[in-house]
Trainee: 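Starting off with a structure, shown below.
As the structure lists them, so they are numbered: ligands from 1, and atoms in each ligand from 1.
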Amino acid sequence: MSHASHITLSRYLIEKQREKQLIPADLRLLIEVVARSCVHIAVTIGKGALGGALGEAGSENIQGEAQKKLDVISNEILLDANEWGGHLAAMASEEMPLPRLIPHRYPQGEYLLLFDPLDGSSNIDVNASIGTIFSVLKCPDGVDMSSEAAAEQAFLQPGTAQVAAGYAIYGPTTLLALTVGDGVALFTLDRESGAFVLTQEKLTIPAETSEFAVNMSNQRHWEAPVQRYVAELLQGREGVRGRDFNMRWVAAMVADVHRILIRGGVFMYPQDARTREKGGKLRLMYEANPMAWLIEQAGGAASTGRARILDLAPAKLHQRVPVILGAKHEVERLVSYHAKPDE
Ligand code: F6P
(Lines give C-alpha, C1' and ligand atoms only; values in the text may rest on other atoms or scores of the structure.)
Protein backbone atom coordinates (compact mmCIF):
# COMPACT_ATOMS: atom_id res chain seq x y z
CA MET A 1 0.00 0.00 0.00
CA SER A 2 1.63 3.28 -1.01
CA HIS A 3 -1.31 5.72 -1.12
CA ALA A 4 -3.08 7.32 1.85
CA SER A 5 -5.36 4.96 3.75
CA HIS A 6 -8.01 5.98 6.24
CA ILE A 7 -6.14 4.22 8.98
CA THR A 8 -4.93 6.65 11.59
CA LEU A 9 -2.16 5.76 14.02
CA SER A 10 -4.84 5.30 16.74
CA ARG A 11 -6.75 2.80 14.64
CA TYR A 12 -3.57 0.98 13.58
CA LEU A 13 -2.57 0.61 17.23
CA ILE A 14 -6.04 -0.45 18.37
CA GLU A 15 -6.02 -3.16 15.70
CA LYS A 16 -2.59 -4.31 16.83
CA GLN A 17 -3.94 -4.45 20.39
CA ARG A 18 -7.35 -6.04 19.69
CA GLU A 19 -6.82 -8.32 16.72
CA LYS A 20 -3.24 -9.38 17.08
CA GLN A 21 -2.86 -8.82 20.85
CA LEU A 22 0.59 -7.55 20.00
CA ILE A 23 0.50 -4.57 22.32
CA PRO A 24 -1.26 -3.88 25.62
CA ALA A 25 -3.43 -0.78 26.08
CA ASP A 26 -0.77 1.06 28.09
CA LEU A 27 1.80 0.69 25.32
CA ARG A 28 -0.75 1.93 22.81
CA LEU A 29 -1.35 5.00 24.97
CA LEU A 30 2.39 5.57 25.32
CA ILE A 31 2.97 5.48 21.54
CA GLU A 32 0.05 7.84 20.97
CA VAL A 33 1.41 10.32 23.50
CA VAL A 34 4.87 10.20 21.90
CA ALA A 35 3.28 10.74 18.46
CA ARG A 36 1.28 13.70 19.78
CA SER A 37 4.49 15.18 21.20
CA CYS A 38 6.07 14.81 17.76
CA VAL A 39 3.18 16.78 16.23
CA HIS A 40 3.78 19.47 18.85
CA ILE A 41 7.51 19.50 18.00
CA ALA A 42 6.70 19.63 14.25
CA VAL A 43 4.46 22.65 14.78
CA THR A 44 7.16 24.39 16.83
CA ILE A 45 9.84 23.68 14.20
CA GLY A 46 7.47 24.83 11.45
CA LYS A 47 7.23 28.31 12.97
CA GLY A 48 10.97 28.79 12.47
CA ALA A 49 12.24 32.26 13.27
CA LEU A 50 8.65 33.49 13.77
CA GLY A 51 8.32 31.25 16.84
CA GLY A 52 11.56 32.55 18.38
CA ALA A 53 12.81 28.98 18.76
CA LEU A 54 15.90 29.11 16.52
CA GLY A 55 19.47 29.54 17.67
CA GLU A 56 21.59 28.48 20.61
CA ALA A 57 20.17 27.70 24.05
CA GLY A 58 23.42 28.82 25.66
CA SER A 59 23.81 25.50 27.51
CA GLU A 60 25.54 22.13 27.02
CA ASN A 61 24.07 18.63 27.26
CA ILE A 62 25.57 15.65 29.10
CA GLN A 63 27.68 14.87 26.00
CA GLY A 64 29.29 18.32 26.19
CA GLU A 65 27.52 19.44 23.01
CA ALA A 66 26.09 22.95 22.70
CA GLN A 67 22.29 22.75 22.89
CA LYS A 68 20.03 24.54 20.45
CA LYS A 69 16.85 26.13 21.76
CA LEU A 70 14.89 23.51 19.83
CA ASP A 71 16.81 20.67 21.56
CA VAL A 72 15.68 22.01 24.91
CA ILE A 73 12.10 22.76 23.81
CA SER A 74 11.65 19.33 22.19
CA ASN A 75 12.97 17.64 25.32
CA GLU A 76 10.50 19.58 27.50
CA ILE A 77 7.59 18.74 25.16
CA LEU A 78 8.31 15.00 25.46
CA LEU A 79 8.85 15.13 29.23
CA ASP A 80 5.70 17.15 29.93
CA ALA A 81 3.46 15.05 27.69
CA ASN A 82 4.60 11.72 29.08
CA GLU A 83 4.82 12.21 32.83
CA TRP A 84 1.14 12.20 33.83
CA GLY A 85 -0.46 9.43 31.70
CA GLY A 86 0.30 6.59 34.14
CA HIS A 87 2.05 4.50 31.48
CA LEU A 88 5.68 5.18 32.45
CA ALA A 89 8.06 4.25 35.24
CA ALA A 90 10.77 6.67 34.01
CA MET A 91 12.17 8.49 30.98
CA ALA A 92 15.71 8.98 29.72
CA SER A 93 16.84 11.53 27.19
CA GLU A 94 20.02 12.16 25.27
CA GLU A 95 19.81 15.70 26.62
CA MET A 96 19.72 14.80 30.35
CA PRO A 97 22.46 13.27 32.51
CA LEU A 98 20.10 11.10 34.58
CA PRO A 99 16.71 9.48 34.01
CA ARG A 100 13.58 11.47 34.90
CA LEU A 101 11.37 9.70 37.45
CA ILE A 102 7.60 10.05 37.28
CA PRO A 103 6.46 12.47 40.01
CA HIS A 104 4.67 10.73 42.92
CA ARG A 105 1.49 12.70 42.29
CA TYR A 106 0.96 10.67 39.10
CA PRO A 107 0.36 6.91 38.75
CA GLN A 108 3.45 4.84 37.90
CA GLY A 109 3.42 2.59 34.84
CA GLU A 110 5.50 -0.35 33.69
CA TYR A 111 7.33 1.16 30.71
CA LEU A 112 10.58 3.07 30.21
CA LEU A 113 10.79 5.65 27.44
CA LEU A 114 14.09 6.75 25.89
CA PHE A 115 14.45 9.50 23.33
CA ASP A 116 16.72 11.73 21.32
CA PRO A 117 14.32 14.67 21.24
CA LEU A 118 15.88 16.39 18.25
CA ASP A 119 18.32 14.40 16.15
CA GLY A 120 20.59 16.15 13.65
CA SER A 121 20.18 19.51 15.34
CA SER A 122 23.01 21.06 13.29
CA ASN A 123 20.47 20.95 10.44
CA ILE A 124 18.03 23.29 12.25
CA ASP A 125 19.55 26.57 11.16
CA VAL A 126 19.85 25.49 7.51
CA ASN A 127 16.23 24.30 7.29
CA ALA A 128 17.17 20.69 6.51
CA SER A 129 15.55 17.52 7.86
CA ILE A 130 15.71 16.73 11.57
CA GLY A 131 13.89 14.18 13.70
CA THR A 132 12.92 12.62 17.04
CA ILE A 133 13.98 9.04 17.82
CA PHE A 134 12.36 6.94 20.57
CA SER A 135 12.69 3.51 22.12
CA VAL A 136 10.46 1.76 24.68
CA LEU A 137 11.51 -0.90 27.20
CA LYS A 138 9.64 -2.63 30.01
CA CYS A 139 10.76 -1.69 33.51
CA PRO A 140 12.20 -4.86 35.10
CA ASP A 141 10.68 -6.01 38.40
CA GLY A 142 12.61 -5.40 41.56
CA VAL A 143 14.84 -2.59 40.28
CA ASP A 144 15.47 0.24 42.74
CA MET A 145 13.59 3.23 41.35
CA SER A 146 13.92 5.35 44.49
CA SER A 147 16.39 7.81 42.96
CA GLU A 148 17.29 9.06 39.51
CA ALA A 149 20.78 7.59 39.79
CA ALA A 150 19.45 4.15 40.80
CA ALA A 151 16.88 4.22 37.99
CA GLU A 152 19.66 4.17 35.37
CA GLN A 153 20.02 0.43 36.08
CA ALA A 154 16.49 -0.26 34.83
CA PHE A 155 17.36 1.11 31.38
CA LEU A 156 20.47 -1.02 30.85
CA GLN A 157 18.80 -3.66 28.66
CA PRO A 158 19.87 -4.85 25.20
CA GLY A 159 18.08 -3.60 22.10
CA THR A 160 16.40 -7.02 21.73
CA ALA A 161 14.30 -6.07 24.80
CA GLN A 162 12.66 -3.10 23.04
CA VAL A 163 8.84 -3.34 22.79
CA ALA A 164 8.39 -0.33 20.48
CA ALA A 165 10.73 1.97 18.57
CA GLY A 166 10.43 4.63 15.95
CA TYR A 167 11.20 8.10 14.76
CA ALA A 168 9.48 11.20 13.49
CA ILE A 169 11.17 12.99 10.61
CA TYR A 170 10.47 16.69 10.19
CA GLY A 171 11.11 17.24 6.48
CA PRO A 172 8.95 18.60 3.69
CA THR A 173 6.40 16.18 5.18
CA THR A 174 6.31 15.07 8.80
CA LEU A 175 6.39 11.27 8.95
CA LEU A 176 6.38 8.74 11.75
CA ALA A 177 8.06 5.34 11.34
CA LEU A 178 7.11 2.75 13.94
CA THR A 179 7.75 -0.86 14.86
CA VAL A 180 6.19 -2.91 17.62
CA GLY A 181 7.91 -6.04 16.31
CA ASP A 182 5.48 -6.64 13.44
CA GLY A 183 7.32 -4.93 10.58
CA VAL A 184 7.77 -1.20 10.03
CA ALA A 185 4.78 1.06 9.35
CA LEU A 186 5.02 4.61 8.05
CA PHE A 187 2.49 7.33 8.89
CA THR A 188 2.15 10.77 7.31
CA LEU A 189 1.03 13.75 9.38
CA ASP A 190 -2.19 15.23 8.05
CA ARG A 191 -1.56 18.84 8.98
CA GLU A 192 -5.27 19.70 8.82
CA SER A 193 -6.55 17.02 11.19
CA GLY A 194 -3.34 16.69 13.23
CA ALA A 195 -3.52 12.89 12.83
CA PHE A 196 -0.84 10.51 11.60
CA VAL A 197 -2.31 8.46 8.75
CA LEU A 198 -0.88 5.10 7.62
CA THR A 199 0.74 5.55 4.20
CA GLN A 200 3.05 2.52 3.93
CA GLU A 201 3.27 -0.83 5.67
CA LYS A 202 5.87 -3.61 5.85
CA LEU A 203 8.75 -1.48 4.60
CA THR A 204 11.46 -3.66 3.05
CA ILE A 205 15.12 -2.78 2.43
CA PRO A 206 16.57 -4.46 -0.67
CA ALA A 207 19.50 -6.76 0.27
CA GLU A 208 21.65 -5.19 -2.49
CA THR A 209 22.27 -1.49 -2.96
CA SER A 210 24.41 0.99 -4.87
CA GLU A 211 24.19 3.85 -2.36
CA PHE A 212 26.18 4.51 0.80
CA ALA A 213 26.11 7.14 3.55
CA VAL A 214 29.17 8.13 5.56
CA ASN A 215 30.91 11.34 6.56
CA MET A 216 33.87 11.12 4.15
CA SER A 217 35.76 13.87 5.96
CA ASN A 218 36.53 11.31 8.69
CA GLN A 219 38.15 8.89 6.24
CA ARG A 220 41.70 9.23 7.54
CA HIS A 221 40.55 8.26 11.05
CA TRP A 222 38.74 5.04 10.10
CA GLU A 223 39.97 1.52 10.79
CA ALA A 224 41.36 -0.66 7.97
CA PRO A 225 38.14 -2.68 7.27
CA VAL A 226 36.07 0.46 6.62
CA GLN A 227 38.93 2.02 4.62
CA ARG A 228 38.94 -1.08 2.41
CA TYR A 229 35.15 -1.22 2.03
CA VAL A 230 34.75 2.45 1.06
CA ALA A 231 37.81 2.37 -1.24
CA GLU A 232 36.19 -0.53 -3.11
CA LEU A 233 32.92 1.40 -3.43
CA LEU A 234 34.77 4.43 -4.79
CA GLN A 235 36.55 2.33 -7.43
CA GLY A 236 33.07 1.78 -8.89
CA ARG A 237 32.71 -0.09 -12.16
CA GLU A 238 36.51 -0.41 -12.56
CA GLY A 239 37.00 -2.04 -9.15
CA VAL A 240 36.16 -5.33 -7.41
CA ARG A 241 32.50 -4.38 -6.98
CA GLY A 242 32.02 -3.98 -10.72
CA ARG A 243 29.47 -1.19 -10.44
CA ASP A 244 29.26 2.49 -9.50
CA PHE A 245 28.07 3.58 -6.06
CA ASN A 246 26.38 6.84 -5.18
CA MET A 247 26.91 8.71 -1.88
CA ARG A 248 24.44 10.69 0.28
CA TRP A 249 24.96 12.26 3.73
CA VAL A 250 22.24 14.41 5.32
CA ALA A 251 24.08 14.56 8.69
CA ALA A 252 20.89 13.73 10.59
CA MET A 253 20.72 10.02 11.35
CA VAL A 254 16.92 10.10 11.11
CA ALA A 255 17.05 11.39 7.54
CA ASP A 256 19.82 9.03 6.42
CA VAL A 257 18.09 5.99 7.97
CA HIS A 258 14.76 7.11 6.53
CA ARG A 259 16.25 7.19 3.02
CA ILE A 260 17.56 3.65 3.54
CA LEU A 261 14.14 2.42 4.68
CA ILE A 262 12.57 3.97 1.58
CA ARG A 263 15.06 3.14 -1.18
CA GLY A 264 17.84 1.07 0.36
CA GLY A 265 21.49 1.77 1.09
CA VAL A 266 24.07 1.39 3.81
CA PHE A 267 24.79 3.89 6.61
CA MET A 268 28.01 4.02 8.56
CA TYR A 269 29.26 5.97 11.53
CA PRO A 270 32.14 3.56 12.10
CA GLN A 271 34.72 3.39 14.83
CA ASP A 272 37.46 5.93 14.29
CA ALA A 273 40.65 7.04 15.95
CA ARG A 274 39.06 10.14 17.48
CA THR A 275 35.93 8.54 18.89
CA ARG A 276 37.46 5.20 20.00
CA GLU A 277 37.94 6.37 23.57
CA LYS A 278 34.26 7.30 23.83
CA GLY A 279 33.17 4.05 22.15
CA GLY A 280 31.95 5.70 18.94
CA LYS A 281 29.94 8.73 17.86
CA LEU A 282 26.30 7.63 18.01
CA ARG A 283 24.38 6.82 21.17
CA LEU A 284 23.45 3.16 21.72
CA MET A 285 20.21 3.67 23.66
CA TYR A 286 18.74 6.70 21.84
CA GLU A 287 19.98 6.22 18.29
CA ALA A 288 21.59 2.85 17.49
CA ASN A 289 19.10 0.50 19.20
CA PRO A 290 15.82 1.97 17.91
CA MET A 291 17.24 2.42 14.38
CA ALA A 292 18.78 -1.08 14.42
CA TRP A 293 15.43 -2.61 15.34
CA LEU A 294 13.59 -0.69 12.61
CA ILE A 295 16.23 -1.73 10.06
CA GLU A 296 16.08 -5.40 11.09
CA GLN A 297 12.28 -5.30 11.02
CA ALA A 298 12.57 -4.11 7.41
CA GLY A 299 14.85 -7.02 6.47
CA GLY A 300 18.17 -5.17 6.87
CA ALA A 301 21.03 -5.64 9.33
CA ALA A 302 22.74 -3.49 11.97
CA SER A 303 26.19 -4.10 13.43
CA THR A 304 29.08 -2.34 15.10
CA GLY A 305 31.27 -4.17 12.56
CA ARG A 306 32.05 -6.75 15.22
CA ALA A 307 28.70 -7.48 16.91
CA ARG A 308 24.96 -7.21 16.24
CA ILE A 309 23.86 -3.90 17.73
CA LEU A 310 20.67 -5.30 19.28
CA ASP A 311 22.69 -7.88 21.25
CA LEU A 312 24.93 -5.34 23.00
CA ALA A 313 24.59 -5.29 26.78
CA PRO A 314 24.73 -1.58 27.70
CA ALA A 315 27.10 -0.59 30.48
CA LYS A 316 25.74 2.95 30.81
CA LEU A 317 22.84 5.06 29.66
CA HIS A 318 24.81 7.40 27.41
CA GLN A 319 27.03 4.71 25.89
CA ARG A 320 28.26 5.34 22.34
CA VAL A 321 28.87 2.70 19.67
CA PRO A 322 30.06 2.39 16.07
CA VAL A 323 27.07 1.92 13.74
CA ILE A 324 26.86 0.15 10.37
CA LEU A 325 23.33 -0.53 9.17
CA GLY A 326 21.12 -1.01 6.15
CA ALA A 327 21.20 -3.45 3.22
CA LYS A 328 21.89 -6.91 4.57
CA HIS A 329 24.56 -8.02 2.09
CA GLU A 330 26.54 -4.78 2.50
CA VAL A 331 26.49 -5.00 6.31
CA GLU A 332 27.55 -8.67 6.09
CA ARG A 333 30.43 -7.70 3.79
CA LEU A 334 31.58 -5.04 6.25
CA VAL A 335 31.35 -7.51 9.13
CA SER A 336 33.44 -10.02 7.15
CA TYR A 337 36.09 -7.31 6.53
CA HIS A 338 36.18 -6.58 10.26
CA ALA A 339 36.72 -10.29 10.93
CA LYS A 340 39.83 -10.27 8.66
CA PRO A 341 41.26 -6.78 9.24
CA ASP A 342 44.64 -7.62 7.67
CA GLU A 343 43.32 -8.60 4.24
O1 F6P B 1 23.37 12.62 16.82
C2 F6P B 1 24.46 12.74 16.10
C3 F6P B 1 24.28 13.15 14.65
O4 F6P B 1 23.75 14.43 14.50
C5 F6P B 1 23.51 12.15 13.77
O6 F6P B 1 22.16 12.46 13.67
C7 F6P B 1 24.23 12.23 12.44
O8 F6P B 1 24.17 11.03 11.72
C9 F6P B 1 25.63 12.58 12.84
O10 F6P B 1 25.60 13.13 14.15
C11 F6P B 1 26.29 13.57 11.92
O12 F6P B 1 27.60 13.64 12.25
P13 F6P B 1 28.66 14.59 11.48
O14 F6P B 1 28.35 15.97 11.95
O15 F6P B 1 29.97 14.09 11.93
O16 F6P B 1 28.42 14.42 10.02
Trainee: Atom 12 (O) of ligand 1: which protein heavy atom is closest, and how many Å away?
Mentor: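 Scanning the protein heavy atoms, the shortest distance from atom 12 (O) of ligand 1 goes to Y269 CE1, 3.4 Å.
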Trainee: Can a donor-acceptor pair be found between the side chains of E232 and Y337 at a distance below 3.5 Å?
Mentor: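 The criterion, which ignores hydrogens and geometry beyond distance, is satisfied for Y337 and E232.
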Trainee: Run F267 and W249 through ring-ring contact (aromatic ring centres under 6.0 Å, His included) and show every step you take.
Mentor: CA-CA 9 Å; F267 168 95; W249 186 248; 5.5 Å; yes
Trainee: If you count heavy atoms of other groups shown closer than 6.0 angstrom to NZ of K328, is the number above 12?
Mentor: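 Counting neighbours around NZ of K328, 12 or fewer heavy atoms of other residues, nucleotides or ligands fall under 6.0 Å, so no.
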Trainee: Which heavy atom of the protein is the closest neighbour of atom 11 (C) of ligand 1, given with residue, atom name and distance?
Mentor: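 Closest protein heavy atom to atom 11 (C) of ligand 1: A251 O, 3.7 Å.
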Trainee: Under 3.5 Å between some N or O of ligand 1 and some N or O of D119?
Mentor: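 Yes, D119 has an N/O under 3.5 Å of an N/O on ligand 1.
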Trainee: Would you mind checking which non-hydrogen protein atom is closest to atom 13 (P) of ligand 1, with the distance to 0.1 Å?
Mentor: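 For atom 13 (P) of ligand 1, the nearest protein heavy atom comes out as N215 ND2, 3.6 Å.
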Trainee: Any idea which atoms of ligand 1 are less than 4.0 Å away from a heavy-atom of R283?
Mentor: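 Near R283, the atoms of ligand 1 are 1 (O), 2 (C).
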Trainee: Examine ligand 1 and decide if any of its atoms is less than 4.0 Å from a heavy atom belonging to D256.
Mentor: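 D256 does not count as a contact of ligand 1 under the 4.0 Å cut-off.
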Trainee: Purely on distance, is any nitrogen or oxygen of W249 under 3.5 Å from one on ligand 1?
Mentor: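 Yes; the residue has a nitrogen or oxygen that sits under 3.5 Å from a nitrogen or oxygen of the ligand.
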Trainee: With sequence neighbours left out, what residues match Y12 under ring pair (Phe, Tyr, Trp, His ring centres under 6.0 Å)?
Mentor: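 With neighbours one apart ignored, the set is F187.
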Trainee: What is the nearest protein non-hydrogen atom to atom 5 (C) of ligand 1, stated with its residue, atom name and distance?
Mentor: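 Protein heavy atom at minimum distance: M253 N, 3.6 Å.
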Trainee: How far is atom 1 (O) of ligand 1 from its nearest protein heavy atom, and which residue and atom name does that atom have?
Mentor: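 Result for atom 1 (O) of ligand 1: E287 OE2, 2.6 Å.
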Trainee: Just need the protein heavy atom nearest to atom 14 (O) of ligand 1, so name the residue and atom and give the distance.
Mentor: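 Of the protein heavy atoms, K281 NZ, 4.3 Å lies nearest.
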Trainee: How long is the span from the CD atom in Q297 to the CD1 atom in I205, to the nearest 0.5 Å?
Mentor: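 Result: 11.0 Å between the selected atoms.
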Trainee: Pick from R241, M247, M216: which one makes a side-chain contact (heavy atoms from CB on, under 4.5 Å) with L234?
Mentor: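 Per the side-chain contact (heavy atoms from CB on, under 4.5 Å) rule, the option paired with L234 is M216, out of R241, M247, M216.
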Trainee: Report all side-chain donor-acceptor pairs from residues 32-49 shorter than 3.5 Å, counting only partners two or more places apart or in another chain.
Mentor:
| residue | atom | partner | partner atom | Å |
| --- | --- | --- | --- | --- |
| E32 | OE1 | S10 | OG | 2.8 |
| S37 | OG | V33 | O | 2.8 |
| T44 | OG1 | H40 | O | 2.8 |

